[in-house]
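Proteins get letters first, then strands, A, B, ... in listed order; numbering begins at 1 in each.
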2 protein chains.
Amino acid sequence: MSSKADTPSTKPLSNSQRAFLALRDMIFAGDLAPGSDHLESELAEQLGVSRTPVREAALMLESQGLLELRPRKGVRILPVSPEDMAEIYDVLTELECLAARNAANKGYSEPDLDPLAKAIEDMEVAVAQNDLENWAEADDRFHRALVLLGDNSRAATVFDMMNDQVRRARTVTLFMRPLPVQSNEDHRQVFEAIKAGDIGSADAVHRAHRQNAKNMMLELLKKHRLRGV
Amino acid sequence: MSSKADTPSTKPLSNSQRAFLALRDMIFAGDLAPGSDHLESELAEQLGVSRTPVREAALMLESQGLLELRPRKGVRILPVSPEDMAEIYDVLTELECLAARNAANKGYSEPDLDPLAKAIEDMEVAVAQNDLENWAEADDRFHRALVLLGDNSRAATVFDMMNDQVRRARTVTLFMRPLPVQSNEDHRQVFEAIKAGDIGSADAVHRAHRQNAKNMMLELLKKHRLRGV
DNA sequence: GCATTTATTAATGCATACGTAAATTCATGC
DNA sequence: GCATGAATTTACGTATGCATTAATAAATGC
């Protein structure tokens with residue numbers, strides 16, 4: 001599951017870009033554990049390339065806040081503490097609410113909102129089937145579609161960065177949480193507000209939705225003593 | 001003028017980091033013009049290092065949105081269109097208002113707010129002396145101090161990135177704008193709201209302040225036909 | 001004279017080599 | 001047995017070299 005739009009055009013990826021994606025996936029999959037150190041040379045060998053592309057990938061990942069280059073200690077996968085997660089949720093909330101207001105303000109027609117509608121449907125089906133994995137995927141899709149409708153590429157880029165970290169935490173906490181019934185109701189309300197062009201409501205409902213998500217996540221991290229995800 | 005906190009500790013900067021700072025400054029100073037292309041080898045020669053640190057610096061600058069690496073065309077300094085600037089201001093507005101609310105909510109004592117007070121004073125002196133350069137510097141200081149009081153390191157990092165771009169545009173437009181008298185009044189109101197712990201007011205006042213700044217900047221860019229700053 | 005193909009150039013992406021400085025091990029003195 | 005200092009290892013930062021391939025120029029055919 002990649003956060004960037006998967007362009008179907010088959011452009012030849014450079015080794016650096018592949019290393020970037022590979023390392024990112026390894027971090028999300030937990031193959032590179034939070035807090036762990038890894039030598040550039042080891043990673044290079046694992047990926048079957050020289051140190052150069054690994055280093056370049058590491059520099060990019062560093063500016064995305066996923067790891068840290070520490071001279072002579074290797075790259076350190078940054079753990080995300082509950083306090084970090086609170087920060088991340090706060091930023092996400094602002095950016096998504098900005099998007100929700102912009103979307104409501106633009107007077108989108110129904111087809112434009114299809115991605116939102118589809119994601120909502122999928123979430124409802126998933127909840128009915130008790131399928132949390134598919135729910136999480138559709139939930140992610142909803143939030144990203146919302147941000148795209150906000151039509152602010154910089155907000156979208158920052159959203160992707162932050163959302164990556166949430167995804168990482170969610171893979172750990174997904175099965176600890178109750179069924180997201182209220183969440184689905186929230187999404188529908190946000191959708192209706194945007195469709196109706198009700199800017200204030202879109203912001204308010206989505207803000208409350210995100211606040212709940214934040215509290216839920218922090219509760220889970222606290223309850224299960226997950227201090228560095 | 002660096003956006004990162006200037007740590008007084010004299011740590012030996014690597015060539016890559018120096019190249020990063022040097023290139024960034026060259027972009028802000030206009031030595032590397034928006035839209036211009038530059039070969040890695042040229043830049044390397046200018047900076048007196050090999051291509052490697054230049055490349056690493058370019059990668060970092062790319063993820064900050066200041067330039068773009070285009071195979072065989074060199075690095076391209078990204079121009080910032082008025083539409084881009086609108087996006088940037090919208091993101092900045094959200095992050096700063098988040099900070100203003102958080103700051104108001106924390107119940108800071110007077111000494112904590114000193115950086116804000118000092119910046120406001122300096123701005124008033126600068127305006128009285130018709131010194132726009134010093135005003136801009138103090139204004140920047142105010143906004144950054146505000147974000148720091150918001151106590152969200154991720155928001156601060158993103159703020160720095162976006163604010164860099166505004167600074168670049170402001171060096172061009174600074175002397176086209178009227179004296180920022182209203183702006184100073186706004187700052188004082190934000191300060192008072194934070195001191196009083198009035199979250200709603202801090203958000204509302206600062207939001208309006210930022211909206212004005214955005215409109216002013218966009219007007220200037222439009223009026224002077226500056227389509228790629 | 002124009003289009004198409006071939007040859008040349010040149011800049012990148014990447015591997016590799018190497019000096020340097022940190023970290024570790026070992027040795028030595030007390 | 002411990003601390004201090006010397007020797008060694010090691011990982012990084014950076015320079016360099018080279019193969020690849022896009023871009024440009026040249027050449028050929030019609």
Donor-acceptor contact below 3.5 Å, side chain Gln165(A) vs main chain Met162(A): no

Worked verdict on Lys118(A) versus Asp122(A) for salt bridge (charged side-chain N to carboxylate O under 4.0 Å, His left out): CA-CA 6 Å; Lys118(A) 180 67 166 54; Asp122(A) 292 349; 2.9 Å; yes

Nearest-angstrom distance from the residue atom CG of Leu59(B) to C1' of dT12(C): 12 Å

Nearest-nucleotide 5' precedence on DNA chain D, Ser14(B) against Lys73(B): Ser14(B)

Contact residues, residues 31-53 of chain A to DNA chain D [heavy atom, < 4.0 Å]: Leu39(A), Glu40(A), Arg51(A)

Stepwise side-chain hydrogen bond (donor to acceptor under 3.5 Å, both in side chains) test for Ser153(A) and Glu87(B): CA-CA 7 Å; Ser153(A) 64; Glu87(B) 284 195 9; 2.8 Å; yes

CA sep, side-chain torsions, deciding dist, call: Arg154(B), Asp84(A), salt bridge (charged side-chain N to carboxylate O under 4.0 Å, His left out): CA-CA 8 Å; Arg154(B) 281 156 180 86; Asp84(A) 292 325; 3.1 Å; yes

Whole-Å distance separating the CZ atom of Arg55(B) from the P atom of dT16(C): 17 Å

Residue Arg72(A), side-chain atoms from C-beta onward, closest of dA11(D), dG13(C), dA23(D): dA11(D)

Distance-only donor-acceptor check, side chains Ser109(A) and Asp112(A), under 3.5 Å: yes

First of Pro71(A) and Glu56(A) reached from the 5' end of DNA chain C, by closest nucleotide: Glu56(A)

Check: His187(A) ring centre within less than 6.0 Å of His206(A) ring centre: no

